[in-house]
Amino acid sequence: MLRTHTCGELRSSNKDNTVTLCGWVDSYRDHGGTVFVDLRDRYGLTQVVFGPTGEDALTPIAKTLRGEDVIKVTGVVAPRPDGTVNPKLQTGEIEVHAQQLEILNKCNKAPFFPTQMDLPGEDLRLKHRYIDLRRPEMQQTLLLRSRIIKGMRDYFDENNFIDVETPILGRSTPEGARDYLVPSRIHAGKFFALPQSPQLYKQILMMAGYDRYVQVARCFRDEDLRADRQPEFTQLDMEMSFVEMDDIVGMIDGLVAKLAKDILGIDVPTPLPRMTYDEAMERFGHDAPDLRYGMELIDCTDLAAEAEFRVFKMVSESGGRVRGINAKQGGEKYSRRDIDKLTDYVIQDFGAKGMAWFKVDADGKLNSTIAKNFSDDLLAKIAERMGAEPGDLLLFSADEWDVTCRVLNGLRRRLAAEMKLYNPNDMNFSWVVEFPMFEFDSEANRWVAMHHPFTAPRPQDVALLDSDPAKARAIAYDLVINGSEAGGGTIRIHDSNVQKKVFNLLGMDEASAQERFGFLLDALQLGAPPHGGIALGIDRFVMLFGKLDSIRDCIAFPKTQKATDMMTGAPGEVDQKQLRELHVRSVKPHE
RNA sequence: GGCGCCGUAGCUCAAUUGGUUAGAGUACUGGACUGUCGAUCCAGUGGUUGCGGGUUCGAGUCCCGUCGGCGUCGCCA
């Protein structure tokens with residue numbers, strides 16, 4: 001090693017030691033006769049002094065040091081003079097009096113500095129990621145990520161899981177997300193796909209007798225990005241045999257409690273609370289509700305039917321729903337202008353046709369531009385149903401059920417954030433269970449699997465696969481943290497006949513099911529144990545445990561919203577020769 | 001693909017209703033200084049206002065297009 005210590009470890013007890021430190025110049029203070037340099041590495045900062053007590057010849061060289069130069073300094077540890085101890089630094093009681101200085105690498109014209117107060121734009125941070133990653137905040141996040149992954153690995157190791165790697169080059173399955181494709185050189189015209197998840201491999205491992213499998217698995221989905229979504233992301237993937245839902249959920253309960261304790265120092269009581277999908281949608285309008293605050297959805301469809309107000313009346317008579325939320329004491333905070341903005345928001349983002357609202361007067365009466373379309377008696381009933389008190393703001397969505405869900409979930413989240421209804425440091429863990437097996441895709445005019453096509457229906461719902469697929473519920477469970485889906489899993493189908501039936505329901509005839517998933521159907525008839533599992537989104541765990549707003553801050557080298565790497569410039573052009581070898585011709589758009 | 005926000009010095013930002021030579025802080029360069037720790041003081045360098053077009057006597061500012069970053073809807077089994 002070029003160094004004897006890190007920049008975070010010297011204390012008064014090292015007095016008179018001769019030490020060698022290496023690191024980056026965090027800052028320098030040139031006083032003429034004396035030059036102070038704060039030397040930084042990922043362990044901390046140490047003040048190095050060049051001056052009359054050190055080698056005089058060093059001072060002229062020390063004067064040339066600038067931010068982010070990489071240097072090696074040898075010197076003697078000394079207590080700082082009285083009155084110059086820096087309590088902000090862990091090493092603040094000492095300083096190193098330099099005797100030798102070597103500039104290992106000069107930093108010329110840095111586009112920005114890890115030390116600067118106002119962070120530069122994210123594009124610049126991503127382009128020069130090596131500078132951004134020097135920031136203590138980024139280093140803490142990557143350390144947190146490392147600790148979370150180690151905590152997970154240790155936990156599953158203690159529980160007798162085997163870590164098995166699965167292929168990155170696999171077969172494309174048109175179901176689900178868009179695949180990243182890799183052309184095959186050896187097989188002209190054929191392609192591998194990068195895995196959206198190791199789903200089928202881990203099921204096959206169960207059939208192979210590896211009854212407790214775990215993997216930190218990189219997954220790829222070629223879909224549009226969001227603040228919490230990257231095209232390549234990391235899952236803690238696990239699968240168990242001879243289990244029921246409670247076994248998987250209980251195993252994860254234990255993991256969550258351990259991580260919360262070890263990482264955040266909080267006690268999370270287990271078992272974590274569970275709620276069915278239907279209840280979540282009814283009470284919160286979303287399958288991953290944020291339970292850190294109330295403001296639940298309240299149904300007023302029956303009352304709306306009595307109103308003269310055309311929108312309410314028509315919606316309730318045509319099978320739609322009229323639901324609302326009560327923003328407690330929101331009447332003053334939200335002006336008419338603010339409410340107009342909320343209306344634009346729900347129209348623009350969720351396809352709402354409008355938003356009805358009432359403010360609750362000091363005497364408890366509902367007041368709004370639409371109030372004249374309601375009898376006093378009806379207004380009183382609505383107020384009572386909504387638990388209205390003076391000063392409250394009531395917001396309503398009247399539309400088809402799914403629209404009211406989207407609109408009110410959006411409003412609920414936005415208002416809760418704006419009105420600070422929860423402490424951002426609070427952590428809430430829960431399960432949402434019993435998801436529907438299928439959703440009807442009106443564009444494709446067919447059923448699609450809500451989770452994936454290998455999800456087992458509840459035993460009592462198997463008959464519904466034939467009679468009423470919409471009503472069939474899956475043995476599925478999502479882990480929800482603070483209103484985010486942090487993971488999801490299911491018990492899998494282990495009966496080839498049920499699997500064939502589901503494939504059939506999803507519009508696959510026997511031949512194409514055999515073509516795509518024949519290996520699975522075969523395996524399901526050659527000794528398949530009952531099994532199930534779950535995958536946790538590690539990037540999101542880091543986001544939530546680290547209180548970060550962007551998934552990009554949890555990943556060392558993330559992609560931009562347009563799925564590019566600003567540092568390397570990927571994706572990039574390739575030679576014609578490479579394309580020819582791959583039997584691929586590139587056709588640019590508009591040509 | 002839709003909607004929205006942003007783009008001015010290396011960096012972070014300002015620039016009145018469209019009006020003179022586009023400013024400040026910081027970084028950088030030179031100088032002063034033996035105890036600072038966001039060091040201080042003096043002086044200086046630094047600009048195709050992302051790019052292209054348009055409106056106007058006049059555009060950083062208004063309009064259209066385009067590129068890039070971000071947010072969001074669709075999408076994400």
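Just so it is clear: chains get the letters A, B, ... in the order the sequence lines come, proteins before strands, and each one is counted from 1.
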Legend entry - Phosphate contact (B:rG69 OP1 or OP2) by A:Thr564 side-chain N/O below 4.0 Å: yes

Inset, instruction - Establish, with yes or no, whether the OP1 or OP2 oxygen of B:rG35 is under 4.0 angstrom from a side-chain nitrogen or oxygen of A:His31. - result: yes

Inset, instruction - Using the P atoms only, state how far B:rA14 lies from B:rA9, rounded to an integer number of Å. - result: 12 Å

Inset, instruction - Sequence neighbours left out, what pairs pass side-chain hydrogen bond (donor to acceptor under 3.5 Å, both in side chains) with at least one residue falling in residues 79-94 of chain A? - result: A:Ser12-A:Glu93

Inset, instruction - Could you verify whether a donor N or O on one side chain and an acceptor N or O on the other, from A:Gln235 and A:Ser197, lie under 3.5 Å apart? - result: no

Inset, instruction - Scan A:Leu225 against the nucleic acid and name what it touches under 4.0 Å (heavy atoms): base, sugar-phosphate only, or nothing. - result: nothing

Inset, instruction - Give one of base, sugar-phosphate or nothing for A:Phe454, where a contact means two heavy atoms less than 4.0 Å apart. - result: nothing

Inset, instruction - Have a look at A:Glu95 and say if it touches a base, only the backbone sugar-phosphate, or nothing, with a 4.0 Å heavy-atom cut-off. - result: base

Legend entry - Whether A:Phe454 and A:Phe503 hold their rings parallel, tilted or perpendicular, with breakpoints at 30° and 60°: perpendicular

Inset, instruction - May I ask you to verify if any side-chain N or O of A:Thr560 is less than 4.0 angstrom from the OP1 or OP2 atom of B:rG69? - result: yes

Inset, instruction - Decide, applying a 5.5 Å centre-distance limit and a 30° plane-angle limit (both strict), whether A:Phe112 stacks on B:rC11. - result: no

Legend entry - Any A:Arg29 side-chain N or O less than 4.0 Å from OP1/OP2 of B:rU36: no

Inset, instruction - Report yes or no: do A:Thr141 and A:Asp553 form a side-chain donor-acceptor pair below 3.5 Å? - result: no

Could you list the protein-to-nucleotides 2-7 of chain B atom pairs, N/O on both sides, closer than 3.5 Å?
residue: B:rC3; atom: O4'; partner: A:Gln348; partner atom: NE2; Å: 3.3

Legend entry - N/O (side chain, A:Arg229) to phosphate O (OP1/OP2, B:rC70) under 4.0 Å: no

Inset, instruction - Ignoring backbone atoms, test whether A:Tyr28 places a side-chain nitrogen or oxygen under 4.0 Å from the OP1 or OP2 oxygen of B:rC28. - result: yes

Inset, instruction - Check every strand shown and say whether A:Pro111 touches a base, only sugar-phosphate, or nothing at a heavy-atom separation below 4.0 Å. - result: sugar-phosphate

Inset, instruction - Have a look at A:Asp222 and say if it touches a base, only the backbone sugar-phosphate, or nothing, with a 4.0 Å heavy-atom cut-off. - result: nothing

Inset, instruction - Using a heavy-atom cut-off of under 4.0 Å over every strand shown, decide if A:Leu89 touches base, sugar-phosphate, or nothing. - result: nothing

Legend entry - Base-pairing mate for B:rG23 - Watson-Crick or G-U, with both contacts under 3.5 Å: B:rC13

Inset, instruction - Decide whether A:Asp340 and A:Thr343 meet the rule of one side-chain donor and one side-chain acceptor closer than 3.5 Å. - result: no

Legend entry - side chain to side chain donor-acceptor pair (under 3.5 Å) partners of A:Asp228, counting only residues at least two apart: none

Inset, instruction - State, with a plain yes or no, whether a side-chain heavy atom of A:Arg40 is found less than 4.5 Å away from one of A:Glu68. - result: yes

Inset, instruction - For A:Ala177 and for A:Asp38, find the nucleotide of RNA chain B with the closest heavy atom, then tell me which residue's nucleotide is more 5'. - result: A:Asp38

Inset, instruction - May I ask you to verify if any side-chain N or O of A:Lys88 is less than 4.0 angstrom from the OP1 or OP2 atom of B:rG38? - result: yes

Inset, instruction - For A:Pro120, answer base if it contacts any base atom (sugar-phosphate contacts may also be present), sugar-phosphate if it contacts only those atoms, and nothing otherwise; contact means non-hydrogen atoms under 4.0 Å. - result: sugar-phosphate

Legend entry - Contact check, side chains of A:Cys107 and A:Val70, non-hydrogen atoms, under 4.5 Å: no

